[in-house]
Amino acid sequence: MSWWDSYRAVYGAELRAAAVEYVEHGWPLVPGPGSEVLLDTGTVLDVIEVPAEIGRQVCATLRDRGMVVPVAATPHDTWWFPMTPNHELPAELSLHTDVVLHTDGIGVLAPPTERPDGWVQWRVRPSFTGYEVPDAVVIVEAVQAAVRQRSAPVRQVEPAVRAGRAG
């Protein structure tokens, strides 16, 4: 067996194991076009996808609240968070094209799916949180806070001028 065949066999086994694990814990799947795992949104969970910069801030906010939630990273420098379904994005977030709510049966690539440009991988595995899907309100509020922080103007600090000394 060639190295490539061996790699494909192991990868296929990892995908099957991940799919079984998701289904055993109540996370539904939709059939994908190839060798990938797609989580089904809209019934058990929805997914909110954000740029990695915002995702890191969301995780920091949740950690400050004593919460740990599942988080996946994509090869496109985005992070996604599963959350309870049927929650619409507030108008403030819907204005940001880089904040995407996946719902209504849209399949979301789940780890360990390989793409031509990289892997979808867990930053925080759902097994670490008991496959608990966090409440959408908590996740959306953390995303809102991160977006506001990113959008806030950076205040320049002027150097102190010593009295009586002009340049």
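This one's a predicted model, so the numbers in the text were calculated from it and none came from an experiment.
- Residue I48 holds its CD1 atom at 5.0 Å from CG of L89, rounded to the nearest 0.5 Å.
- The distance from the CG atom of L101 to the CG atom of L93 is 10.0 Å, given to the nearest 0.5 Å.
- Residues P90 and Q144 have side chains in contact (heavy-atom distance under 4.5 Å, counting atoms from C-beta outward).
- The list of salt bridge (charged side-chain N to carboxylate O under 4.0 Å, His left out) pairs with a residue in residues 52-61, not counting sequence neighbours, is empty.
- Between atom OG1 of residue T103 and atom CE of residue M83 there is a gap of 7.5 Å, rounded to the nearest 0.5 Å.
- For the atom pair CZ (F81) and CG (L62), the distance works out to 7.0 Å, reported to the nearest 0.5 Å.
- Enclosure of atom CD in E92 by more than 12 non-hydrogen atoms of other residues, nucleotides or ligands within 6.0 angstrom is indicated.
- The distance from the OH atom of Y22 to the CG atom of L38 is 11.0 Å, given to the nearest 0.5 Å.
- For D135, the side chain to side chain contact (heavy atoms under 4.5 Å, CB included) partners two or more places apart in sequence, or in a different chain, are T84, V137, V138.
- Between the side chain of T113 and the main chain of V37, a donor-acceptor pair closer than 3.5 Å is present.
- In this structure, the side chains of W119 and P111 stay at 4.5 Å or more apart for every pair of heavy atoms.
- R125 CZ: 12 or fewer foreign heavy atoms inside a 6.0 Å radius.
- Using modelled atom types and a 3.5 Å distance limit, the side chains of E21 and Y131 yield a donor-acceptor pair.
- Within the 4.5 Å cutoff, the side chain of R150 has heavy atoms near those of the D98 side chain.
- Taken to the nearest 0.5 Å, the NE2 atom of H76 stands 9.0 Å off from the CD atom of E49.
- At least one donor-acceptor pair under 3.5 Å links the side chain of D46 to the backbone N or O of N86.
- The side-chain heavy atoms of V120 and P75, taken from C-beta on, include a pair separated by under 4.5 Å.
- The backbone N or O of V133 lies less than 3.5 Å from no partner atom in the side chain of W27, so there is not a single donor-acceptor pair.
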